[in-house]
Amino acid sequence: MSYRGRFAPSPTGPLHFGSLVSALASWLDARAHNGVWLVRIEDIDGPRTVPGAADDILSTLDRFGMHADEPPVWQSQRMARYEEALEQLKAAGLVYPCGCTRKEIADSLLHVHARNTTLAYPGTCRSGLHGKPARAWRLRVPDGDAAVITFEDRWQRMQTQNLATEVGDFVLRRADDQWAYQLAVVVDDADASITHVVRGEDLMDSTARQIYLQRCLGVPTPSYLHVPVVTNDQGEKLSKQNGATALDNDKPLETLRAAARHLGLEMDDEHATLEDFYTAATAAWAKRMAVRVQRERGGRV
Ligand code: GLU
């Protein structure tokens, strides 16, 4: 199947250095594979979407020379597809309504999620709403061995997550009526025939959930590559919430060189144009990924 990749920013503010690193990695991987590169605006989370941010991100990508091969897709225009996917899961008996509040879930928990601070849902409403009104829709995750999802990340190698103990039945439609990121991203990647997902490591923890959801919906699983996230001086992931500043649109080359350094790409700094930079960076990316593959092969012998 021919390569189709994507960059999927949430328009919660202007593009910052951390999101540029993800954009650059996905762009270079698509170029190295001679593939198609798409942009999807993840404006599904109404309360977090900042007016004007999406256009700002699109014009920054343009200014930095990353041009999508097809018009951008906007999640806010795809609600009917998410509804269809939920209906398919309802018909298959894989989802159930949940009446729990966050506080009720926290109070009933025995342990805290090991990999991040998300609490594993204990399955209270699996057997019915217990007289409470329905607030959200959850996907039932399997028990036992079937709950263990394993995948090979192209950068970070083998990954395993037990959905039953580390996540629990997860939300597809939220109590505030918003579609959950997990459902939207799986439906959108499948509809766009995405073959390769390249994104920040902060989303690694969501990948097992997405693979399980793909299986429930009967759609293919793309290959995954999660690049190291950029952190601030306190070691926190750089985000709009902790004060990451917008990129300087007047210095694309300098900023791109810094992003390439963050990705560990070995290349000199002698590029006069964006196209020169991308040619050199694509070669460095291809070399870097190939080196990793060879090392893995060597390790197994
Ligand atoms: N919209 C997500 C973010 O900006 C990325 C989703 C993805 O790449 O799967 O963090």
Side-chain angles (χ1 to χ4, degrees), residues 3-30 35-50 53-58 60-61 66 68 72-78 81-82 85 116 118 149 151 153-156 159 161 170 172 174 178-214 217 219-231 236-242 244 246-247 259 263:
Y3 184 111
R4 287 173 69 85
R6 68 2 174 233
F7 172 56
S10 303
T12 53
L15 207 65
H16 58 76
F17 186 67
S19 36
L20 179 77
V21 166
S22 296
L24 178 64
S26 67
W27 164 257
L28 294 179
D29 199 49
V36 165
W37 187 74
L38 309 174
V39 173
R40 179 170 72 233
I41 300 295
E42 301 214 318
D43 57 344
I44 191 144
D45 194 339
R48 287 181 63 225
T49 295
V50 172
D55 289 335
D56 196 71
I57 291 172
L58 290 171
T60 302
L61 289 173
M66 287 184 250
V73 167
W74 297 70
Q75 284 191 327
S76 54
Q77 292 170 11
R78 293 181 40 79
R81 284 293 296 126
Y82 309 142
N116 63 20
T118 309
I149 303 287
F151 62 98
D153 186 84
R154 286 171 55 214
W155 188 292
Q156 323 257 357
Q159 304 291 317
Q161 191 177 52
F170 55 95
L172 299 184
R174 295 180 354 202
Q178 303 279 326
W179 293 104
Y181 156 70
Q182 310 293 359
L183 179 76
V185 82
V186 164
V187 171
D188 291 343
D189 283 342
D191 284 358
S193 303
I194 297 299
T195 57
H196 291 72
V197 171
V198 176
R199 59 187 180 190
E201 194 181 357
D202 54 313
L203 292 161
M204 182 77 92
D205 199 56
S206 288
T207 306
R209 263 170 275 191
Q210 292 170 17
I211 291 173
Y212 181 64
L213 192 44
Q214 285 152 2
L217 288 167
V219 298
T221 291
S223 97
Y224 287 96
L225 188 163
H226 291 85
V227 294
V229 294
V230 182
T231 51
E236 301 158 342
K237 183 203 158 201
L238 206 59
S239 72
K240 291 140 200 165
Q241 287 72 35
N242 65 22
L247 295 173
L263 290 168

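Order of listing sets the numbers, starting from 1, for every ligand and every atom in it.
- Note on ring orientation: taking the six-membered ring where Trp is involved, the planes of W37 and W27 are perpendicular (angle over 60°, cut-offs 30° and 60°).
- Closest heavy-atom approach to atom 3 (C) of ligand 1 within the set S26, S10, S206: this belongs to S10.
- Here the side chains of D189 and R40 are in contact, with some heavy-atom distance below 4.5 Å.
- Ranked by closest heavy atom to atom 10 (O) of ligand 1, the top entry among V186, D43, L203, I44 is L203.
- Under 3.5 Å, the side chains of S76 and D43 contain a donor-acceptor pair of N or O atoms.
- Within the listing of ligand 1, atoms 9 (O) sit less than 4.0 angstrom from a heavy atom of V185.
- Close to ligand 1: R6, with a non-hydrogen atom less than 4.0 angstrom away.
- Numbered from 1 in the order shown, with element, the atoms of ligand 1 that lie under 4.0 Å from a heavy atom of R199 read 7 (C), 8 (O), 9 (O).
- At under 3.5 Å, not a single nitrogen or oxygen of P9, backbone or side chain, sits near a nitrogen or oxygen of ligand 1.
- Remark: the R4 side chain and the H196 side chain contain no N/O donor-acceptor pair separated by less than 3.5 Å.
- Here the closest heavy-atom approach between residue I57 and residue P14 is recorded as CG1-C, 4.3 Å.
- Inspection of the D205 and Q161 side chains reveals an N or O donor paired with an N or O acceptor under 3.5 Å.
- Contacts between Y181 and ligand 1 below 4.0 angstrom, taking non-hydrogen atoms only, involve the side chain exclusively.
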